[in-house]
Participant: 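I am attaching a structure below and will ask some questions about it afterwards.
Residue numbers start at 1 and run along the sequence shown. Excluded from the calculations below are hydrogen atoms, water molecules and symmetry mates; all remaining heavy atoms, backbone and side chain alike, are included.
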Amino acid sequence: NSNQALLKLSASYQPNFSNQLDYDILGRISEDSQNQNAFSDVVGNTAQIEEVNPYSINQSLNYYYTLDEDNIFALEAQHLIKDEDPFYNAMLDNELGAFNNTADSLGFDTSSNNYNFAQNRRIKTNQLDAKIDYYHILNDVSNLNFTLGTILSQQQFNSNIFQFLENGDEFIPTPTINDGLAVNDTEYNFSDVYLGAHYRFKKGKFTVTPGFSLHAYGNKNIQYGETFEENFF
């Protein structure tokens, strides 16, 4: 089953020849689920449920300013927020005891007649892309372009694997999965600040753009209480 909604709004404002502002916002939300049932005389019956209710909001802003015929400024920015929460549930018929050895080796409770495993995940994304361009028009076929921009991205990932017991309790084991770490809470940050200069000219059907860009990168990852960080140019 899938239910989805999509909404887009756009606005444009141009008070005069020198100024123009464009704004867009796009929102998505969905509700998805999938059920699967398998019947087996070898390992017993299995039921699987997958559910996810994600949403995202994407905004973009463009502003153009013409100072005069030879000098033009442009601002372009885009912001994304995304939230995903996939849930997985597997219910295993254990009358034949086909899963006992595996469940025991992974640290799960083996006293139930049936196994009911689940995994919760949550992924949150927040990203900003923005840049300012300055164009200096030299003549009809060439110009200079200077750019200052950044990409800032943060993502949080949370995952835990657990077992529902027959009495309704939620049992979070300390299994040998991932060296005993059944819960994972991770934060990832990325940044890119850049400066560019280019010369553009047209020659017949060809457009040539020599130039350079200087980037300052930042990378930071936090997982299991440890921080890994790297910055470079």
Participant: Going from CD on Gln155 to CD on Glu187, what distance comes out if it is rounded to the nearest 0.5 angstrom?
Facilitator: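 Answer for the CD-CD pair, Gln155 versus Glu187, is 10.5 Å.
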
Participant: Looking at Asn101, I want to see if its CG is surrounded by more than 12 non-hydrogen atoms of other residues, nucleotides or ligands under 6.0 Å.
Facilitator: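 Result for CG/Asn101: open.
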
Participant: Would you indicate whether the side-chain heavy atoms of Ile132 and Phe146 approach each other to under 4.5 Å?
Facilitator: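 No. Closest side-chain heavy atoms not under 4.5 Å.
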
Participant: Any idea which heavy atoms bring Asn231 and Gly218 closest together, and the distance?
Facilitator: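 Shortest heavy-atom contact: OD1-CA, 3.3 Å.
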
Participant: Less than 4.5 Å apart, any side-chain heavy atom of Phe117 and any of Ile161?
Facilitator: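 When only atoms from C-beta onward are counted, Ile161 and Phe117 do not touch, as no gap falls below 4.5 Å.
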
Participant: Under 4.5 Å between any side-chain heavy atoms of Gln78 and Leu80, yes or no?
Facilitator: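 The answer is no, as the side chains (C-beta and beyond) never meet within the 4.5 Å cut-off.
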
Participant: For a 4.5 angstrom cut-off between non-hydrogen side-chain atoms, does Gln4 reach Arg28?
Facilitator: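 No; the side chains remain at least 4.5 Å from each other.
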
Participant: Do Leu21 and Ile25 share a hydrophobic cluster, counting only Ile, Leu, Val, Met, Phe, Trp and Tyr and linking them when any side-chain heavy atoms are less than 4.5 Å apart?
Facilitator: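 Per the 4.5 Å side-chain linkage, Leu21 and Ile25 are co-clustered.
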
Participant: Would you please test Asp24 and Leu26 for side-chain contact (heavy atoms from CB on, under 4.5 Å) and show each step?
Facilitator: CA-CA 7 Å; Asp24 293 287; Leu26 176 65; over 6 Å; no

Participant: Apply ring pair (Phe, Tyr, Trp, His ring centres under 6.0 Å) to Phe233 and list each qualifying residue two or more places apart in sequence or on a separate chain.
Facilitator: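 For Phe233 there are no ring pair (Phe, Tyr, Trp, His ring centres under 6.0 Å) partners, ignoring immediate neighbours.
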
Participant: Going by atom types only, do Asn145 and Asp133 share a side-chain donor-acceptor pair under 3.5 Å?
Facilitator: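 Asp133 and Asn145 do have a side-chain donor-acceptor pair below 3.5 Å.
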
Participant: Does Asp41 CG have over 12 foreign heavy atoms under 6.0 Å away?
Facilitator: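 No, because the 6.0 Å sphere around CG of Asp41 holds 12 heavy atoms or fewer from other groups.
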
Participant: Might you point out which heavy atoms bring Lys8 and Ser10 nearest each other, and give the distance in Å?
Facilitator: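 Heavy atoms of Lys8 and Ser10 come nearest at CE-OG, 3.8 Å.
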
Participant: A quick test of your reading: do over 12 heavy atoms of other residues, nucleotides or ligands sit less than 6.0 Å from CG of Asn1?
Facilitator: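 Open.
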
Participant: Rounded to the nearest 0.5 Å, how far does CD1 of Ile222 lie from OG1 of Thr186?
Facilitator: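 Those atoms lie 9.5 Å apart.
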
Participant: Cut-off 3.5 Å, side chains only: do Gln48 and Tyr88 have a donor facing an acceptor?
Facilitator: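 Distance-only check passes for Gln48 and Tyr88.
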
Participant: Side-chain heavy atoms under 4.5 angstrom apart, residues restricted to Ile, Leu, Val, Met, Phe, Trp, Tyr: same cluster for Tyr188 and Tyr217?
Facilitator: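 Yes, it is one cluster - the side chains of Tyr188 and Tyr217 are joined through contacts under 4.5 Å.
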
Participant: Starting at CG of Asn114, measure out to CG of Leu165 and round the result to the nearest 0.5 Å.
Facilitator: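 Interatomic distance, Asn114 CG to Leu165 CG, rounded to 0.5 Å: 12.0 Å.
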
Participant: Let me know which of Asp83, Asp85, Asp185 forms a salt bridge (charged side-chain N to carboxylate O under 4.0 Å, His left out) with Arg122.
Facilitator: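 Single salt bridge (charged side-chain N to carboxylate O under 4.0 Å, His left out) partner of Arg122 among Asp83, Asp85, Asp185: Asp83.
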
Participant: Restricting to non-hydrogen atoms, name the atom on Ala118 and the atom on Asn89 that form the minimum distance, rounded to 0.1 Å.
Facilitator: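 Where Ala118 meets Asn89 most closely, the heavy atoms are CB-ND2, 3.9 Å.
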
Participant: Report yes or no: do Leu144 and Tyr134 belong to one cluster of Ile/Leu/Val/Met/Phe/Trp/Tyr joined by side chain heavy-atom distances under 4.5 Å?
Facilitator: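 Yes; Tyr134 is reachable from Leu144 via cluster members.
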
Participant: Same cluster or not: Phe73 versus Tyr13, using hydrophobic residues (I, L, V, M, F, W, Y) connected whenever any side-chain heavy atoms lie under 4.5 Å apart?
Facilitator: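 Yes, it is one cluster - the side chains of Phe73 and Tyr13 are joined through contacts under 4.5 Å.
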
Participant: Return a table of donor-acceptor pairs under 3.5 angstrom between the side chains of residues 192-203 and protein atoms on other chains or two or more places apart.
Facilitator:
residue : atom : partner : partner atom : Å
Asp192  : OD1  : His215  : ND1          : 2.9
Asp192  : OD2  : His215  : ND1          : 3.2

Participant: Tell me, yes or no, whether the heavy-atom count around Glu229 atom CD, taken from other residues, nucleotides or ligands under 6.0 Å, exceeds 12.
Facilitator: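 Correct, the count exceeds 12.
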
Participant: Whether the Gln20 and Asp22 side chains hold a donor-acceptor pair (N or O, under 3.5 Å, no angle test) is what I'd like checked.
Facilitator: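 Short answer, yes.
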
Participant: Looking only at heavy atoms, what is the nearest atom pair of Leu152 and Ser191, with distance?
Facilitator: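 Looking at all heavy atoms of both residues, the shortest contact is CD2-CB, 3.7 Å.
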
Participant: Let's go through Phe108 and Tyr115 carefully: what are the C-alpha distance in whole Å and the side-chain angles of both, what is the deciding distance for ring pair (Phe, Tyr, Trp, His ring centres under 6.0 Å) to 0.1 Å, and is it a yes or a no?
Facilitator: CA-CA 9 Å; Phe108 289 106; Tyr115 289 117; 7.9 Å; no

Participant: If you count heavy atoms of other groups shown closer than 6.0 angstrom to CG of Asp140, is the number above 12?
Facilitator: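 For Asp140, atom CG is not crowded (no more than 12 foreign heavy atoms under 6.0 Å).
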
Participant: Please determine, by modelled atom types, if Gln127 and Asp129 share a side-chain donor-acceptor pair under 3.5 angstrom.
Facilitator: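 Note: Gln127 and Asp129 side chains meet the donor-acceptor criterion.
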
Participant: Could you tell me whether a side-chain N or O of Asn189 sits under 3.5 Å from a main-chain N or O of Asn221, the two making a donor and an acceptor?
Facilitator: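 No.
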
Participant: Side-chain polar contacts of residues 51-67 - donor-acceptor pairs under 3.5 angstrom, sequence neighbours left out - could you list them?
Facilitator:
residue : atom : partner : partner atom : Å
Gln59   : OE1  : Tyr23   : OH           : 2.6
Tyr63   : OH   : Asn19   : OD1          : 2.4

Participant: If hydrophobic clusters are built from ILVMFWY residues whose side chains come within less than 4.5 Å, do Leu214 and Phe232 share one?
Facilitator: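 Different clusters.
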
